Amino acid sequence: MENYSKALKAGKKNYQQCLTKGEYPYLPALDDMIPVEKSETGKDIGIVQIPIKYIVGTKSAGRTKMFAKNYMPIAEEKTEFSIKWEKLCKAQLNEGIRDPIKVYEYMNRFYVAEGNKRVSVLKFFDAVAIPARVIRIMPERNGDKAVEIYYEFVEFNKYSKVNFIEFSKSGSYEELQKMIGKRPNESWSEDDNRKFRTTYYYFENAYYKCGGEKLRSTVGDAMLAFIKIYGYEALHNMTGRQIERAVTNVWEEIALQQEEKPFDIKLDPAEEKRKSILPKITRTRKVKIAFLHNKTAETSGWVYSHEAGINYVKKLFEGKVEIREYYDVQASEAYDVMKKAIDEGVTVIFSTSAEMLNGCLRIAIENPSVIVMSCALNRPHRYVRSYYIRMYEAKFIAGAVAGALCDNEKIGYICKYPIYGSIAEINAFARGVQLVNPRAKIQLRWSSDEATADIIREMNEQGIELISFRDFVQLDDSERFMSGLGRVTEDGLDNLVLPVWNWGVYYEKIIQSILNGTYQAEQEKTRKSLSYYWGMSSGAADMVFSGRLPKGIRYMGETLCKAVKTGICQPFYNPSQTADGRIAWETQDQTISLEEILTMDWLEDNIIGTIPKYSELSKQVQEVVDEIGIERYRKDLGE
C-alpha cells in the first residue's frame, strides 16, 4: 500500500490547501455546472486518447468526495476503496491500464462517468493520456470569447484529431492549420498527428522549464508565436535541448502573448521628447544604418517616398551616421541581407516593406544589440518596433474635398490591399465625404488583382469622375499620374489633392533618439511591443492642394488640416447618445478608440463594396495579407 499512502498524502495536502484558500476541496461535478438534460444532448465522438491533465472532475456528485481536487484519493487506507485503487496501481505497473474510461467533454475539459480510480492512478504516475469514450456537450453560443474559441477548437479537432493544444485568442486554430502547411478544412494523416504530438510535448517541456507556468497565456499561444519565427519544420527538427535554448532566446516574445493589448503605441514624437531625461551620449564612431527596400526608387512610389526621407537625414546627420541601402530585397532573402549588413558593422536596420517582418524578427532575436524596425501596422513583436503614418487623417480631408466637389453623388475609391491601415483610410475618406455631402456614395474597388485602368474605365461608365487613388506617385508608365484624389476627364487625370508621406520626420526623430540613448531606454520601460503611429500633428503626414481647386473648397481643406493637426477635428468622432437617442454634442470630442481604428474590419454605410475574402486574392497578394492583413479576412472568417 506504499503507493496509496503517497497518493493519500498528496490528496490530503491538496484538500487542506483548498480549504485554506476558501475553495471547494473536492472534484467538481458536471451535473452541478450544467442542467442534466443538457448532457443528454451530447454527441458520442467515439474512443479517443484524451489528455490526462484536462480531466478535471466527475459527471455526477456520487464519487466527488472520494478525491481531492487534484484527483488524489482522500479515503483512508485499508478500505475497500484503497484496496481497489492499489490493485489498479499494480495493473498499471505490470501491463498498463488499457480499458477506456467514459467521460463527458464540456469546453475541452473532461468529467468522468466511469473510471475515476483509473484516472486517479494515472495522474499519480504522471501519465499523459488515456483512452476514453467521449460524449461531447456543446455550449450555447452567446458571444462569449471562450465559447467562440471553443467552437474554433471543435472545427480544428474535426480535421486534425488534436485535442491537447489550446489558445487564448480567436483565430489561432486556423492560423496553426496554415502554419503547418494545411489548407483550411484539410484533414491530417496519422503521421501528421503523431509528428505534431511529439513536437508539441517537446515544446511544452521547454516552455515550463523556462517559467511558462507564470504566464497567463497558453502553451499553444507560445508555440504559435515560436512557429511564426522559426517555422514548423524547424521546430520539429530541433532536439529538446535546442528548443529550450531557442525558447529562452525568444522569451520576451512569448511573454508578449499574455498581453490583452500587446501594443504600446507612440502617437507623437513630442511625447518621447517630453519623457526624455537622459543626457546625450557622445559617440566617436559613426552609427551604421541599413535600409532594406523590396523595390527601387525608380520602380516604386512607395520606395521613392522613403528615399526622400532617407536623403533628408543623410544630410542632417552627415558625419554622425553612415547609411547603406539595399534594393529589390525579397522577403525570402531579407534575413540573409540583414545578416550580411550586420557582419559589415550595421547596428540599426529599417525595413520599409512589411513582407520582410519575419526576417526582421529572426535577425533581432539573434542580434539583441542591433536595433530593428519594420514599416508595418498591427503585428506586435517585442524585439522589432514598427512604424507607420496615420494617413487616415489626410484621407479624411481628401474625402471632404471630394464630397464638396461631387455634383452627382458618385465618388470612386481604389485600394490595393485589404491590410491594416487601409481600412481605416477608406472609412476616414467616407467620413470626410459624409461631413459635407451625406447623400454621396463611394464605389470601392480593389486593384491588387485588377488593372487600375480597367477599374477607372468601368467607373467612368457609371458616371464616376472623382476617384481616390493610392496616396503616393506610381512610377510605371501606365499609372504614373494616378495618385491622391483626382478627376478623370476626356483629356486625362486632373490631380486635385495629394496626401504626403513625410518619412524624413520619422527617420530624423528616431535616429536622433538612437544617438542620444532615449530609444534604448524606452525598451526597459515596458514589456509590450513598441509601435510608432504618427500623424499630421507630427508633420509625418501632410496635404498638397491643387491651385485649380475652387477658393472656398481650398479654404475648407486648409482649415480642416489645421483642425486635425491641433486635435480640434477627429476623423472618427464618436459623440455619445442620451437614453432617448439624442446625440450629446457636448461630447463631440470623443472618438473611436485607437485599437478599434487599428483593427477595423468593417466599412461605413456610404460605401458600396466589400472587403475581399482571402480565398479571392492571388497568391502574391495573400502573402502580403498573411503578414499585415486584417485578421477577420486573413482567415476568411468574414463569410
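The model shown is predicted, which means the values in this text are computed figures rather than measured ones.
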Visitor: Might you point out which heavy atoms bring Lys286 and Gly319 nearest each other, and give the distance in Å?
Guide: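 Lys286 and Gly319 have their closest heavy atoms at CG-O, 3.6 Å.
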
Visitor: Do Leu444 and Ile611 have side-chain heavy atoms sitting under 4.5 Å apart?
Guide: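 No, their side chains stay 4.5 Å or more apart.
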
Visitor: Can you list every pair that meets salt bridge (charged side-chain N to carboxylate O under 4.0 Å, His left out) and has a residue in residues 238-253, with sequence neighbours left out?
Guide: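 Residue pairs with at least one partner in residues 238-253: Lys209-Glu244, Glu252-Arg382.
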
Visitor: Is a side-chain donor or acceptor of Tyr327 paired with a backbone partner of Thr296 at a separation under 3.5 angstrom?
Guide: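 Flag not set: sc Tyr327 to bb Thr296 has no pair under 3.5 Å.
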
Visitor: Over all heavy atoms of both residues, which pair between Gln242 and Asn237 is shortest? Give the atoms and the distance, please.
Guide: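 What the structure gives for the nearest pair is OE1-O, 4.1 Å.
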
Visitor: What pair of heavy atoms forms the shortest contact from Ile254 to Ser217, and how long is it?
Guide: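 Closest pair (atom of Ile254, atom of Ser217, distance): O-OG, 4.3 Å.
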
Visitor: Taking the side chain as every heavy atom from C-beta outward, state whether Ile310 and His293 have any atom pair closer than 4.5 Å.
Guide: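 SC-SC contact between Ile310 and His293 confirmed.
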
Visitor: Determine whether Tyr507 and Phe317 make a side-chain contact, defined as any pair of heavy atoms from C-beta on separated by less than 4.5 Å.
Guide: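 Answer no - side chains too far apart.
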
Visitor: Could you pull out the closest heavy-atom pair between Gln330 and Asn294, with the gap in Å?
Guide: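 It is NE2-O, 3.7 Å.
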
Visitor: Determine whether a donor-acceptor pair (N or O, by modelled atom type, separation under 3.5 Å) exists between the side chain of Thr352 and the backbone of Leu292.
Guide: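 Confirmed, Thr352 side chain pairs with Leu292 backbone.
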
Visitor: Are Asp343 and Lys340 ion-paired here, with the side-chain N under 4.0 Å from a carboxylate O?
Guide: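 Not counted as a salt bridge, because no side-chain N and carboxylate O are separated by less than 4.0 Å.
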
Visitor: For the residue pair Lys320 and Ile511, establish whether any side-chain heavy-atom pair is separated by less than 4.5 Å.
Guide: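 They are not in side-chain contact.
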
Visitor: Any heavy-atom pair between the side chains of Tyr417 and Ser422 that's under 4.5 Å?
Guide: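 No, their side chains stay 4.5 Å or more apart.
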
Visitor: If you define the side chain from C-beta out and look only at heavy atoms, does anything of Val346 sit under 4.5 Å from Ile349?
Guide: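 Yes, at least one pair of side-chain atoms sits under 4.5 Å.
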
Visitor: If I take atom OH from residue Tyr533 and atom CD1 from residue Ile389, how far apart are they, to the nearest 0.5 angstrom?
Guide: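 CD1 of Ile389 is found 10.0 Å from OH of Tyr533.
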
Visitor: Distance-only, no hydrogens or angles: does the Asp542 side chain make a donor-acceptor pair with backbone N or O of Val500 under 3.5 Å?
Guide: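 No, because the side chain of Asp542 does not come within donor-acceptor range (under 3.5 Å) of the backbone of Val500.
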
Visitor: Provide the closest heavy-atom pair for Val505 versus Gly539 in the form atom of the first, atom of the second, distance.
Guide: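 Residues Val505 and Gly539, closest heavy atoms: CG2-O, 3.6 Å.
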
Visitor: More than 12 heavy atoms of other residues, nucleotides or ligands under 6.0 Å from NZ of Lys339: yes or no?
Guide: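 Open.
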
Visitor: On the 0 to 90° scale, with breaks at 30° and 60°, tag the Phe572-Tyr392 ring pair as parallel, tilted or perpendicular.
Guide: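 Phe572 and Tyr392: tilted rings.
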
Visitor: Check this for me: Glu344, atom CD, are more than 12 non-hydrogen atoms of other residues, nucleotides or ligands nearer than 6.0 Å?
Guide: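 Result for CD/Glu344: enclosed.
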
Visitor: Using side-chain heavy atoms (C-beta onward) and a distance below 4.5 Å, is Leu235 in contact with Tyr230?
Guide: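 With C-beta onward as the side chain, the pair stays apart.
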
Visitor: Is Glu325 salt-bridged to Lys314, going by a charged N under 4.0 Å from an acidic O?
Guide: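 Answer for the salt bridge query: yes.
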
Visitor: So, the side chain of Gln177 versus the backbone of Glu186: is there a donor-acceptor pair under 3.5 Å, distance only?
Guide: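 Such a contact is found between Gln177 side chain and Glu186 backbone.
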
Visitor: Between Lys169 (side chain) and Gln257 (backbone), is there a donor-acceptor pair under 3.5 Å?
Guide: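 Side chain of Lys169 to backbone of Gln257, a donor-acceptor pair under 3.5 Å: yes, one is there.
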
Visitor: In terms of relative ring orientation, are Trp302 and His306 parallel, tilted or perpendicular, with 30° and 60° separating the classes?
Guide: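 Ring orientation of Trp302 relative to His306: perpendicular.
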
Visitor: Count the heavy atoms belonging to other residues, nucleotides or ligands that lie under 6.0 Å from OH of Tyr202, then report whether that count exceeds 12.
Guide: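 Not buried by this count: 12 neighbours or fewer within 6.0 Å.
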
Visitor: Run the numbers on Ser531 and Ser386 for side-chain hydrogen bond (donor to acceptor under 3.5 Å, both in side chains), then give the verdict.
Guide: CA-CA 5 Å; Ser531 180; Ser386 61; 2.8 Å; yes

Visitor: Enumerate the salt bridge (charged side-chain N to carboxylate O under 4.0 Å, His left out) contacts for residues 360-371, please, sequence neighbours excluded, ordered by first and then second residue.
Guide: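 Every salt bridge (charged side-chain N to carboxylate O under 4.0 Å, His left out) pair that includes a residue of residues 360-371, provided the two are not neighbours, is Arg362-Glu366.
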
Visitor: Is any side-chain heavy atom of Tyr413 closer than 4.5 Å to one of Glu425?
Guide: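 When only atoms from C-beta onward are counted, Tyr413 and Glu425 do touch, with a gap below 4.5 Å.
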
Visitor: Ignoring hydrogens, what is the shortest heavy-atom contact between Cys561 and Met536? Give both atom names and the distance.
Guide: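 Closest pair (atom of Cys561, atom of Met536, distance): SG-CE, 3.9 Å.
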
Visitor: Classify the angle between the aromatic ring planes of Tyr506 and Tyr532 as parallel (below 30°), tilted (30 to 60°) or perpendicular (above 60°).
Guide: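 Tyr506 and Tyr532: perpendicular rings.
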
Visitor: Please state whether the rings of Trp503 and Trp501 are parallel, tilted or perpendicular, taking 30° and 60° as the class boundaries.
Guide: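 Parallel, since the angle between the ring planes stays under 30°.
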
Visitor: Test your reading of the model: is there a side-chain donor-acceptor pair from Tyr387 to the backbone of Trp534, 3.5 Å cut-off?
Guide: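 Flag not set: sc Tyr387 to bb Trp534 has no pair under 3.5 Å.
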
Visitor: Checking Ser593 against Glu595 for the side-chain hydrogen bond (donor to acceptor under 3.5 Å, both in side chains) test, could you report, in this order, the C-alpha distance in whole Å, the side-chain angles of both residues, the deciding distance, and whether it holds?
Guide: CA-CA 5 Å; Ser593 71; Glu595 183 180 0; 5.3 Å; no

